[in-house]
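Proteins get letters first, then strands, A, B, ... in listed order; numbering begins at 1 in each.
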Amino acid sequence: MAVTSRPTTERPLDVARIRADFPVLSQTANGKPLVWLDNASTSQKPRQVLEAMRVVYEEHNANIHRGVYEFSERTTAAFEEARAKIARFINAPAAREIVFVRNATEGLNLVAYAWGRDNVKAGDRIVTTVLEHHSNFVPWQQLAKDAGAELVVIDVDDEGRLRLDQLRRELERGARVLALTHTSNGLGVVNPIAEIVGWAKAAGATVVVDAAQSAPHTAVDVQALGCDFLAFSGHKMLGPVGSGVVWGRASLLERMRPFLYGGDMISRVSVERSEWNELPWKFEAGTSSYVDAIGLGAAIDYLTEVGMARIHAHEVALVEHLLPKLLAEDGTTVFGPHNVDERVGVISFDVKGIHPHDMATLLDREGIAVRAGHHCNHPLMTRLGVTATTRASMYLYNTIEECDVLVDAVRKAKKVFGL
Amino acid sequence: MDDLYRDYILDHYKNPRNFGELEGATHQYHDTNPLCGDEITMFLLVGEDGRVQDVHFTGRGCAISQASASILTDEVKGKTLDELKGFDRDHVLQNLGITISPARIKCALLSLKALKGAAWGLTAWPGEEPKEAAQGS
């Protein structure tokens with residue numbers, strides 16, 4: 001579990017200073033100071049990101065890759081600079097392997113369509129897991145149906161860890177593609193991708209990684225992971241909504257047909273035929289959300305300056321504080337492994353006798369935003385035997401004090417329900 | 001006292017009336033709230049006179065959805081199917097007697113939706129019916 005090895009030498013974050021960069025964090029909700037613990041759903045945005053976007057809109061807005069005038073050139077340069085920042089952030093070999101999409105969902109669909117439909121044939125095996133968010137499950141389930149392929153879904157153990165024995169065995173039986181998440185959005189459990197990729201490669205499988213929950217919180221290095229495609233959303237990592245990335249190996253992207261057809265993705269169109277633009281623009285039809293992409297570039301700058309290892313260490317410290325306090329509450333179940341080395345800052349819990357929606361409503365009264373529901377994880381919820389959980393998910397700006405506010409609010413909720 | 005989780009709401013949640021399957025039901029309908037996974041199944045036993053002789057429900061979910069189902073079933077007995085058709089969103093919300101935020105409205109209305117599904121095969125969310133259905137055509 002190299003990803004989660006606890007860095008002990010990191011300087012702690014100056015959380016007060018970080019919080020000052022996030023205007024929304026000084027708001028109140030229901031008259032209480034906002035406690036934003038729904039980061040796995042979306043993160044808040046620092047001024048630096050908002051400022052980068054304001055500069056484009058107010059100072060040099062123009063469509064990219066089209067105008068021959070100065071504004072278009074400046075905006076295009078900023079857009080391509082954002083691409084280069086993202087390539088460095090995930091250690092991609094080349095910026096042309098970075099494709100801008102709206103979010104991880106679109107990126108994963110791009111792979112399932114543009115790679116999957118030409119490469120997955122009848123009788124092929126598609127291996128995925130019960131931990132997947134619907135965005136990395138449903139596209140493969142539907143592709144399996146369309147192609148006549150077999151969908152193999154790997155189970156978890158009772159603590160929510162991927163059944164590595166089962167996964168290895170199924171990969172040894174052969175697989176055309178392995179689609180799996182780096183970090184579970186529902187449980188916060190981390191999968192040992194690099195180890196798994198070794199088995200997948202031995203089986204000749206192409207590996208598609210959903211990094212929507214890992215890229216915001218840990219250092220992600222696509223070359224160290226060894227995967228073939230990797231997708232994440234910008235809005236979960238301080239960037240604007242509408243920004244997302246799918247990375248793919250150039251050798252694969254070059255052989256793929258486009259996902260969407262239209263402007264900017266062609267090199268030449270005649271009445272009879274069309275030729276495609278070079279990477280990555282072959283996959284960026286129509287006007288990209290270029291201002292959002294530039295905003296994501298600013299978010300990457302922010303995260304890089306703070307340092308991903310420090311952010312991860314901070315979140316682990318919050319989990320180490322919160323987990324035992326929640327577990328000490330009567331009737332409380334925390335899903336996923338209780339060993340902090342196996343998880344990131346996502347705590348999914350349930351208090352017996354209080355439905356998660358009621359819990360979330362009562363926490364909202366205390367200004368706390370959490371997610372209650374199935375977290376787009378139906379197969380996982382079914383496996384755990386629950387319909388919903390309450391999920392508190394942390395980020396670099398959350399504090400120990402906020403964890404205590406949460407625990408107090410859980411106690412209050414129990415009182416309301418007479419527990 | 002809490003303004004949403006009032007004593008009678010929590011009482012209906014913890015001790016639901018008319019809970020359990022109904023043997024010999026003439027009408028039955030299962031529905032879910034895809035947002036949160038709450039589930040309700042409504043069972044009706046309708047006599048030859050067209051009146052509801054008995055009503056039961058099963059389900060699981062939040063206090064609002066389960067208390068709403070319990071309260072609703074209490075007033076359905078003895079009503080005709082035609083009378084049930086007249087039950088609407090406002091009726092259920094008024095009967096609950098609490099102010100529900102927009103995010104939780106569907107929790108409160110799931111039981112009525114399942115009841116209308118059982119009685120009339122109607123599948124729209126109460127308050128969001130297409131015009132023809134609202135006019136009772």
* Would you say the side-chain atoms of Lys14(B) pair up with the backbone N or O of Phe417(A), donor to acceptor, closer than 3.5 Å? ->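 Such a contact is found between Lys14(B) side chain and Phe417(A) backbone.
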
* **N/O donor-acceptor pair under 3.5 Å between His374(A) side chain and Pro34(B) backbone** =>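 Flag set: sc His374(A) to bb Pro34(B) pair under 3.5 Å.
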
About how many Å separate [atom2] of [Y] and [atom1] of [X], when rounded to the nearest 0.5 Å?
{"X": "Glu39(B)", "Y": "Thr387(A)", "atom1": "CD", "atom2": "OG1", "answer": "7.0 Å"}
{"X": "Thr361(A)", "Y": "Tyr5(B)", "atom1": "OG1", "atom2": "OH", "answer": "4.0 Å"}
{"X": "His357(A)", "Y": "Ser65(B)", "atom1": "NE2", "atom2": "OG", "answer": "10.0 Å"}

* Asked: Closest heavy-atom contact between Ala63(B) and Asp358(A)?
  ->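 In terms of heavy atoms, the two residues are closest at N-OD2, 2.5 Å.
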
* To do: Determine the minimum heavy-atom distance between Val416(A) and Leu10(B), stating which atoms define it.
  =>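 Residues Val416(A) and Leu10(B), closest heavy atoms: O-CD1, 3.1 Å.
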
More than 12 foreign heavy atoms under 6.0 Å from [atom1] of [X]: is that the case here?
{"X": "Lys32(A)", "atom1": "NZ", "result": "yes"}
{"X": "Lys412(A)", "atom1": "NZ", "result": "no"}
{"X": "Arg102(A)", "atom1": "CZ", "result": "no"}
{"X": "Glu21(B)", "atom1": "CD", "result": "no"}
{"X": "Asn15(B)", "atom1": "CG", "result": "yes"}
{"X": "Asp49(B)", "atom1": "CG", "result": "yes"}

* Between Arg60(B) and Val386(A), is any pair of side-chain heavy atoms under 4.5 Å apart? ->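 The answer is no, as the side chains (C-beta and beyond) never meet within the 4.5 Å cut-off.
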
